[in-house]
Amino acid sequence: MHKTSSRLLALLSLLQTHRDWSGEDLAGRLDITSRTVRRDIDRLRELGYPITTVKGPAGGYRLEAGTNLPPLLFDDGQAIALAVALQTAAAGTAGTAVAEDASRALATLRQVMPPRLRHRIDLLRITAVQPTAARDTLQVDAQVPMDLSRVVHAREELRFDYAPSSSTSADNPRRVQPHHLVTWRHHWYLVAWDLHREDWRTFRVDRIRPRTPTGPRFAPRELPGGNVSTFITSRFRGNDGTTTDWPCQGEVILRLPAANVAPFAQDGIVEELGSRHCRLVLGSWSWTGLAAAIGRFDTDIEVIGPPQLATAFGDLAARYAHAARTTRPETGPAR
């Protein structure tokens, strides 16, 4: 009986992944016969789990969602992964309603864990170190992402007030067609077609204050770049949204070992040329920004190309030389 119960739990865990399973696949994963799979499926149905038979050449099974679905069961790996995710969410959103809800969910999960898993979770401690600038940013009201997700799914026009950043003036209200809700470097963003500017825009969710009611439904537009990942990466690299390449990309040779350059090259390409030389291909939003980024390596630099990068190095050299000549002498109390 114990063996049968363990097998039923394993079968239920597989079915809860929300995909169609053929009888042969289930038999292979559980190391049982197809006949035993059919009997176990019938037992789960008797316990109230809505499992439907999928038609097709090989046949199969699917666990349907429903209001009478019994409590979900997790195997050890799933339970650990869920606990880690909840603790990460609680640490990364400290001081928000999301953090409080994640902490309460983790406490509930811990109570129903067997001792062997509870001990492993208790040993896990995650501390999120927030950048200094993050203290000045607005916190996201947990309800706002939920409201935005609903209008994105419903394809309804949205009106909202947009709080200005410290460097911009107020710009209210906005009227958009919301398409995607995404995260980028610890911030939530709404990707939308701005109806007033007739162009794609990204809006910081912590600055959005939705207005009601929402507008009419709309037909979704095709996002530049073909998918939201390409679009967001491109826009934050100063591009038009269609490519993830940096607008400015250059190639240099540095008099440093590749091992010393690679940890600080971010998404650049580092090629070892010898024990004391390496090739670096790096991108940035401007030629001056690229030259400054390469200059941080504090070594001799040979520019391979393009000419714009060499020109940017020359411009920076002139600026730095001028800054060195105009440095004011230190002032202080007379001695």
Side-chain angles (χ1 to χ4, degrees), residues 130-134 136-138 140 148 152 160 162-171 174 176-208 221-254 261-271 279-297 301 303-320 323:
Q130 300 292 344
T132 303
D136 301 327
T137 60
L138 299 174
V140 177
L148 296 180
V152 168
F160 59 86
Y162 197 56
S165 66
S166 58
S167 60
T168 61
S169 57
D171 191 6
R174 309 300 286 267
V176 303
Q177 294 177 345
H179 282 256
H180 298 278
L181 188 62
V182 302
T183 59
W184 174 270
R185 295 184 177 177
H186 310 295
H187 288 293
W188 287 90
Y189 291 90
L190 176 68
V191 179
W193 176 263
D194 192 311
L195 292 166
H196 293 299
R197 292 162 178 75
E198 296 186 348
D199 194 11
W200 291 98
R201 290 289 190 272
T202 56
F203 300 94
R204 280 269 296 270
V205 171
D206 56 9
R207 297 174 183 165
I208 291 178
R221 302 170 184 266
E222 183 177 355
L223 196 65
N227 59 75
V228 67
S229 177
T230 299
F231 176 79
I232 286 292
T233 302
S234 177
R235 280 297 178 94
F236 280 102
R237 288 183 172 181
N239 229 318
D240 61 0
T242 61
T243 175
T244 57
D245 294 337
W246 287 101
C248 304
Q249 183 168 289
E251 181 178 348
V252 298
I253 293 178
L254 303 178
V261 174
F264 308 101
Q266 298 180 345
D267 58 352
I269 300 173
V270 181
E271 178 187 357
R279 186 192 312 273
L280 173 64
V281 179
L282 194 65
S284 184
W285 60 89
S286 71
W287 293 112
T288 302
L290 179 57
I294 296 174
R296 292 185 297 112
F297 288 100
I301 302 168
V303 178
I304 304 300
Q308 295 94 321
L309 179 57
T311 300
F313 274 117
D315 293 340
L316 278 180
R319 293 177 189 174
Y320 292 159

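The figures here come from the full heavy-atom set of this structure, side chains too, leaving out hydrogens, waters and symmetry mates.
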Would you sort out whether His180 and Leu223 count as a side-chain contact (heavy atoms from CB on, under 4.5 Å), showing the intermediate values? CA-CA 10 Å; His180 298 278; Leu223 196 65; 4.0 Å; yes

Short side-chain to backbone donor-acceptor contact, Thr233 and Ser229, under 3.5 Å: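 Answer holds: yes.
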
Any donor-acceptor N/O pair, Arg279 side chain to Ile304 backbone, under 3.5 Å: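 No, Arg279 side chain to Ile304 backbone: no donor-acceptor pair under 3.5 Å.
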
To the nearest 0.5 Å, how far apart are [atom1] in [X] and [atom2] in [Y]?
X	Y	atom1	atom2	answer
Ile208	Leu190	CD1	CG	4.5 Å
Gln249	Trp287	CD	CH2	8.0 Å
Leu290	Trp246	CG	CH2	10.0 Å

Which pair of heavy atoms, one from [X] and one from [Y], lies closest together, and at what distance?
X	Y	answer
Arg235	Gly241	NE-N, 4.1 Å
Gly289	Ser284	C-OG, 3.7 Å
Ser234	Asp240	OG-N, 3.7 Å
Leu309	Glu251	CD2-N, 4.2 Å
Pro224	Thr242	CB-CG2, 4.0 Å
Ala312	Ala291	CB-CB, 4.0 Å

Partner of Trp184 under ring-ring contact (aromatic ring centres under 6.0 Å, His included), chosen from Tyr189, Phe231, Phe236: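 Testing each of Tyr189, Phe231, Phe236 against Trp184, the sole residue satisfying ring-ring contact (aromatic ring centres under 6.0 Å, His included) is Phe236.
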
What's the verdict on side-chain contact (heavy atoms from CB on, under 4.5 Å) for Arg201 and Trp193, showing C-alpha distance, side-chain angles and the deciding distance? CA-CA 6 Å; Arg201 290 289 190 272; Trp193 176 263; over 6 Å; no

Residue of the set Thr244, Thr243, Asp267 for which side-chain hydrogen bond (donor to acceptor under 3.5 Å, both in side chains) holds with Arg237: Asp267

Do [X] and [Y] make a side-chain contact, defined as non-hydrogen atoms from C-beta onward lying under 4.5 Å apart?
X	Y	result
Leu282	Val252	no
Leu254	Ile294	yes
Leu280	Phe297	yes
Arg319	Thr288	yes

Quick one, His187 with Thr202, criterion side-chain contact (heavy atoms from CB on, under 4.5 Å). Give me CA distance, side-chain angles, the key distance, then yes/no. CA-CA 12 Å; His187 288 293; Thr202 56; over 6 Å; no

If the condition is side-chain contact (heavy atoms from CB on, under 4.5 Å), which residues does Asp315 pass it with, not counting sequence neighbours? Thr311

Are Arg204 and Asp206 within salt-bridge range, i.e. N to O under 4.0 Å?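 Here Arg204 pairs with Asp206 in a salt bridge, since their nearest N and O are under 4.0 Å apart.
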
Check the angle between the aromatic planes of Phe203 and Tyr162 and answer parallel, tilted or perpendicular using the 30° and 60° thresholds. perpendicular

